[in-house]
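What follows is one structure encoded as structure tokens, with my remarks underneath.
Keep in mind it's a predicted model, so treat the numbers as computed, not measured. Each ligand, and each atom within it, is numbered from 1 in the order the structure gives.
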Amino acid sequence: ALRHNLQGFRQAVGSRVALGAVVKSNAYGHGMLETARIAVAAKAEWLCVNNLDEALALRGAGHQEKILIMGYVPLDGLEDVVRHGLRPVVYHLETVERLDTLGRQTDTRVPLHLKIETGTHRQGILERDVPAFAETIRNAKGVVLEGLSTHFANIEDTTNHEYAERQIETFDRVTEAFRQAGCPATMRHSACSAAALLFARTHLDLARLGIAMYGLWPSRETYLSCIERGRIEIDLRPVLTWKTRIAQVKDVAEGALVGYGCTWKATRPSSIAVLPVGYAEGYDRGLSGVAHVLVRGRRAPIRGRICMNICLADVTDIPGASLEDEVVLLGSQGDETITAEQLATWAGTISYEIVARIHPGLSRVVLEVEA
Ligand SMILES: Cc1ncc(COP(=O)(O)O)c(C=O)c1O
């Protein structure tokens with residue numbers, strides 16, 4: 001599915017736009033090294049991470065691709081950035097100056113990417129800071145301005161994209177200001193999944209694809225906007241299935257109270273399956289009493305509170321449910337499916353958080369099936 005989704009994006013963006021696989025945060029819970037290997041085999045030219053540790057883990061696993069570090073790298077981490085040929089996203093003059101010194105010391109020009117503030121008001125340099133950055137970079141012999149980048153504030157949140165369009169205009173203006181200041185960038189990038197799906201003019205030189213590469217729509221609004229704009233040529237396939245097994249099945253008498261806090265009372269003699277997964281594994285506590293899991297191809301409601309490492313599912317209506325039966329928390333079994341979006345709705349969050357919080361310590365099994 002991962003390969004299929006990336007191939008879909010390759011077709012959608014064309015061959016001149018590089019694909020960046022956003023594998024930060026353990027590849028949104030999918031397993032960073034497993035995902036990076038498949039994404040690179042599917043011709044993603046860049047790997048995008050949040051921090052230096054993730055970048056070093058990729059290099060340690062032998063990845064020689066271009067690695068963009070999108071989050072903050074502390075000044076004392078910059079030596080590693082240079083040593084391992086990483087691309088930091090930068091928005092401080094202090095960082096530029098330190099990279100310049102390190103570059104000159106090692107007789108290299110460190111390729112840096114500046115983050116432009118266009119409306120998200122997180123990291124990024126303001127339009128009025130362009131002259132100072134352009135001058136510093138122009139005079140620096142140890143760095144080169146490889147990229148200018150920005151990130152959208154609400155492109156997934158709405159079907160009205162006026163704000164995103166204003167961000168695109170600001171980004172265009174700022175990149176032109178860098179060019180006019182004698183400091184042109186080799187490449188520009190702005191697209192996350194929703195932008196890549198919705199606006200061809202955000203594709204530029206690199207699309208940084210996270211959630212949609214994992215086969216999940218960034219939001220219902222993005223899906224609707226794609227339909228509205230007739231841009232629905234891409235068929236996203238969810239990559240991840242999350243499974244566990246029944247650890248015990250127990251009979252519970254009518255009137256018995258189940259789980260911490262005694263929040264659920266059996267209204268009939270019931271059969272409760274104990275599942276060895278809880279909020280510490282990433283199964284959100286907000287799913288208490290509202291989610292379903294799949295057992296023997298049927299839905300079993302979660303009863304009572306999700307504990308740290310255990311939750312309880314009602315299998316009274318699933319004859320034969322027994323020890324070691326496979327349980328699907330997220331994904332399909334038989335004709336039933338529990339989607340990340342459904343879990344997110346139950347837990348009052350977004351699908352990004354549902355998958356990203358699946359504990360990195362759980363084993364991931366990669367199924368190499370033909371897409
Ligand atoms: C700077 C940046 N670019 C791209 C992405 C990927 O976003 P998405 O998962 O919506 O594709 C992220 C994710 O948070 C990000 O922070």
Note: [X]-[Y] ion pair, threshold 4.0 Å (strictly below):
X	Y	value
Glu176	Arg179	yes
Glu326	Lys243	yes
Lys66	Glu146	no
Asp314	Arg303	yes

What protein heavy atom lies closest to [atom]? Include the residue and the distance to one decimal.
atom	value
atom 11 (O) of ligand 1	Ser193 OG, 2.5 Å
atom 4 (C) of ligand 1	Arg208 NE, 3.6 Å
atom 10 (O) of ligand 1	Tyr352 OH, 2.6 Å
atom 5 (C) of ligand 1	His151 CE1, 3.9 Å
atom 6 (C) of ligand 1	Tyr28 OH, 3.4 Å

>> Which of the numbered atoms in ligand 1 are under 4.0 angstrom from any heavy atom belonging to Met70?
In response: 1 (C), 2 (C), 3 (N), 15 (C)
> Of all the atoms in ligand 1, which lie at a distance below 4.0 Å from a heavy atom belonging to Arg122?
Replying inline: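 That gives atoms 16 (O) of ligand 1.
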>> Would the distance check show the side chain of Asn139 and the main-chain N or O of Glu135 forming a donor-acceptor pair, the cut-off being under 3.5 Å?
In response: yes
> Quick one: does Gly210 get an N or O within less than 3.5 Å of an N or O on ligand 1?
Replying inline: yes
>> I'd like to check whether Ile211 has a polar contact with ligand 1, where a contact means an N/O of the residue lying under 3.5 Å from an N/O of the ligand.
In response: yes
> Under 30°, 30 to 60°, or over 60°: which ring-plane class applies to Tyr72 and His92, parallel, tilted or perpendicular?
Replying inline: perpendicular
>> I'd like to know whether His189 forms a side-chain hydrogen bond (donor to acceptor under 3.5 Å, both in side chains) with His203, so could you lay out the CA-CA distance, the side-chain angles of the two residues, the decisive distance to 0.1 Å, and finally the verdict.
In response: CA-CA 7 Å; His189 47 104; His203 295 170; over 6 Å; no
> Can a non-hydrogen atom of Lys24 be found less than 4.0 Å from any atom of ligand 1?
Replying inline: yes
